[in-house]
> 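This is the structure I have questions about; it appears just below.
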Amino acid sequence: MSHRSLLRSFIPRHVPRIVFAATLAFAIAPSGASAYTLTTLHSFCAWANCGDGIVPSELLEDSSGDLYGTAEAGGKYGEGVVFKLLPNPKTGKYNEHVLHNFCKKTKCPDGKAPVGGLIMDIAGNLYGVTEQGGKSNAGVIFEMTPVQGGWSYKVLHSFCNEANCTDGALPTQGLSYLGQESGALWDGKVPIFGTTSEGGVGTGYGNGIDYEITSAPISLYMVIHTFTSGIAPQRVLVTASGSLFGTTVAGGKYNHGLLYRLTPSGGTWTDAVLHNFCANAQCTDGADPFGRLAMDAAGNLFGATRSGGANCNVDCGVTFERPAGGGYQVTYSFCSLSACGDGGEPLTSPVIDSSGNLFGTTARGGPNGGGIVYKLTPGGTLSVLYGFCAGGPCVDGDGPIEPLLLNAHGDLFGSTFGGGANGDFGTVFELTP
């Protein structure tokens, strides 16, 4: 089972939703719950045979307000799509356009199962990764360029091209570059970084790698770090100093992941472990971190783990901070309310606004059991902004597991793994204050 499939398996599917209405109405109100309005922009599998995709990724917004993303499955060949959502002022929703269907060729040398979302450069070109397909069926890095009448598609790198996959295999995370957190498009000059969940030097298939690719036109692929302790590195955060911060889902001293830093020095990279998760028997410091970290203007790092915390060992999770001066502290432990009314299992790290508030999701829990979108203030107060699966067969979505997009207007965009108006194939949503 690939790491991505393992992540999906954490989410309970098709179980009855039990709403503890009386308890939660009392318990959540003191946390400062805010009035946010949810609009479902698209419910997937709206086209015959799921031609519009299944299981959407995190989202990218361009300067016109159009949204871009990938769906891990579905499409013309059943192996995923790249899509674009354009606002429809008449309906208040978005119209979806499929820009690319994966696996057009026999054995899928063009890639299949796109994951991790997309990045865009200042010329409007799109870049992303697939978890599978390519020459060795270990994933690819791809580029899409707008041309008259559509988009051209090119594979930039196929993983596992080297013996024993020392160049990495099975990327499950998207690409990163300096300035990405601010919403700036890639300038085509600064390096791009990524990770793979397997491969690299080591026994068996390897624990994964960090890699770097050069400026446009992309011409060089280079492994900068091979993991020997941590396993399955997540998406990295690139800082102005050139350092990379990241986490691994597993491995480390206690086999529940680690927080690390890579520092460039004279053409090489020096790694430092900043924290080993699950440092005590109860894992109160968190376990199994997911997603890219966030950093505020002062250099403080923020992230989340899917397990551990003060309230249970498994399936609860925490948000954490590593102050710029060093150290580690838990800022919130989920499942503090009956039936996890404040959410449980954050499967991605939060995003941060200019005031230091964190916005994120949990895959389960909340007032309706289908996961939540939350806001966490610098003082540690958590507000449930929305609880999914609010009515019927989860037509509003179920199980948000991808990072949120916070735009300049304070609107939040995201996607859900399941639910929607067309069955259980996922949604794209917008939350407005």
Side-chain angles (χ1 to χ4, degrees), residues 1-10 115-116 129 131 138-139 159 165-176 193-212 223-239 243-263 269-280 283 285-295 301-309 313-314 317-322 328 330 345-350 363 401-403:
M1 178 184 291
S2 74
H3 167 59
R4 188 73 172 184
S5 299
L6 180 63
L7 185 154
R8 301 297 187 196
S9 72
F10 289 144
V115 293
V129 301
E131 184 182 9
F159 291 97
C165 301
T166 54
D167 61 325
L170 304 182
T172 61
Q173 302 290 313
L175 304 169
S176 301
F193 298 92
T195 65
T196 68
S197 63
E198 297 185 16
V201 178
T203 58
Y205 213 31
N207 293 342
I209 63 159
D210 288 314
Y211 63 85
E212 176 183 357
V223 174
I224 61 173
H225 182 68
T226 295
F227 288 87
T228 56
S229 177
I231 300 172
Q234 298 293 282
R235 192 170 182 170
V236 296
L237 172 73
V238 187
T239 68
S243 296
L244 308 180
F245 289 89
T247 60
T248 69
V249 173
K253 187 175 181 179
Y254 308 107
N255 202 32
H256 282 281
L258 54 80
L259 170 66
Y260 70 93
R261 178 183 61 220
L262 291 180
T263 306
W269 292 79
T270 302
D271 69 296
V273 174
L274 306 179
H275 184 74
N276 283 283
F277 290 93
C278 200
N280 55 59
C283 298
D285 59 324
D288 316 321
F290 273 97
R292 186 180 63 187
L293 302 164
M295 178 180 281
L301 283 172
F302 302 88
T305 71
R306 67 158 290 264
S307 295
N313 226 359
V314 180
V318 307
T319 58
F320 63 84
E321 177 183 358
R322 183 186 188 270
Y328 176 90
V330 172
E345 264 191 300
L347 289 180
T348 185
S349 289
I401 65 172
E402 298 287 352

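Since the structure is predicted, the reported quantities are computational estimates derived from the model, not experimental observations.
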> Which distance, rounded to the nearest 0.5 Å, do you find between the CZ of R261 and the NE2 of H275?
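So the CZ of R261 and the NE2 of H275 are separated by 15.0 Å.
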> I want to check something: taking the side chain as every heavy atom from C-beta on, are F245 and V236 in contact at a cut-off of under 4.5 Å?
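A side-chain contact under 4.5 Å is absent here.
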> Quick one: pull up CG in L244 and CD in E212 and give me the separation to the nearest 0.5 Å.
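Spacing of CG (L244) from CD (E212) equals 8.5 Å.
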> Taking C-beta and beyond as the side chain, do V249 and Q234 meet within less than 4.5 Å on heavy atoms?
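A side-chain contact under 4.5 Å exists here.
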> Check for a donor-acceptor pair, side chain of D167 on one end and backbone N or O of F159 on the other, with a separation under 3.5 Å.
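Flag not set: sc D167 to bb F159 has no pair under 3.5 Å.
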> Please check if the side chain of S197 supplies one atom and the backbone of L170 the other of a donor-acceptor pair under 3.5 Å.
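Side chain of S197 to backbone of L170: a pair is present.
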> Is it the case that the side chain of T248 and the backbone of L258 share a donor-acceptor pair, with hydrogens and angles ignored and the cut-off at 3.5 Å?
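The answer is yes, because a donor-acceptor pair under 3.5 Å joins these two groups.
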> Is the backbone N or O of L175 less than 3.5 Å from a side-chain atom of R235, with the two atoms forming a donor-acceptor pair by type?
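Yes; judged by distance alone, with no hydrogens or angles, the pair exists.
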> Under 3.5 Å, is there a donor-acceptor pair between the side chain of T195 and the main chain of P233?
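Judged by distance alone, yes, a pair lies under 3.5 Å.
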> Heavy atoms only: give me the nearest G317-P346 pair and the separation to one decimal.
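What the structure gives for the nearest pair is CA-CD, 4.1 Å.
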> When rounded to the nearest 0.5 angstrom, what is the spacing between CZ in F277 and CG in L259?
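Answer for the CZ-CG pair, F277 versus L259, is 5.5 Å.
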> Do side-chain atoms of D285 reach the backbone of A279 as a donor and acceptor pair under 3.5 angstrom?
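Here the side-chain-to-backbone pair exists.
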> Are T305 and D288 packed together at the side-chain level, in the sense that at least one heavy-atom pair is separated by less than 4.5 angstrom?
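In short, these two side chains do not touch, never coming nearer than 4.5 Å.
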> Looking just at side-chain N and O atoms, do Y260 and D210 make a donor-acceptor pair shorter than 3.5 Å?
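Y260 vs D210: donor-acceptor pair found between side chains.
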> So, using side-chain contact (heavy atoms from CB on, under 4.5 Å) as the criterion, who are the partners of T228 when residues are at least two apart?
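T228: no side-chain contact (heavy atoms from CB on, under 4.5 Å) contacts found.
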> Quick one: does T348's side chain get under 4.5 Å of I401's, heavy atoms only?
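When only atoms from C-beta onward are counted, I401 and T348 do not touch, as no gap falls below 4.5 Å.
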> If only atom types and distance count, is the side chain of S349 paired as donor or acceptor with the main-chain N or O of R292 below 3.5 Å?
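Such a contact is found between S349 side chain and R292 backbone.
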> Counting only N and O atoms by type, is there a donor-acceptor contact under 3.5 Å from the side chain of T172 to the main-chain atoms of G116?
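No; judged by distance alone, with no hydrogens or angles, the pair does not exist.
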> Going by ring-ring contact (aromatic ring centres under 6.0 Å, His included), name the residues that satisfy it together with H225, two or more places apart in sequence or in a different chain.
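Checked H225 against ring-ring contact (aromatic ring centres under 6.0 Å, His included); matches are F227.
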> Mind checking whether V115 and V129 have side chains closer than 4.5 Å, heavy atoms only?
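SC-SC contact between V115 and V129 confirmed.
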> Within the structure provided, determine whether T226 and N207 are in side-chain contact (heavy-atom separation under 4.5 Å).
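No, their side chains stay 4.5 Å or more apart.
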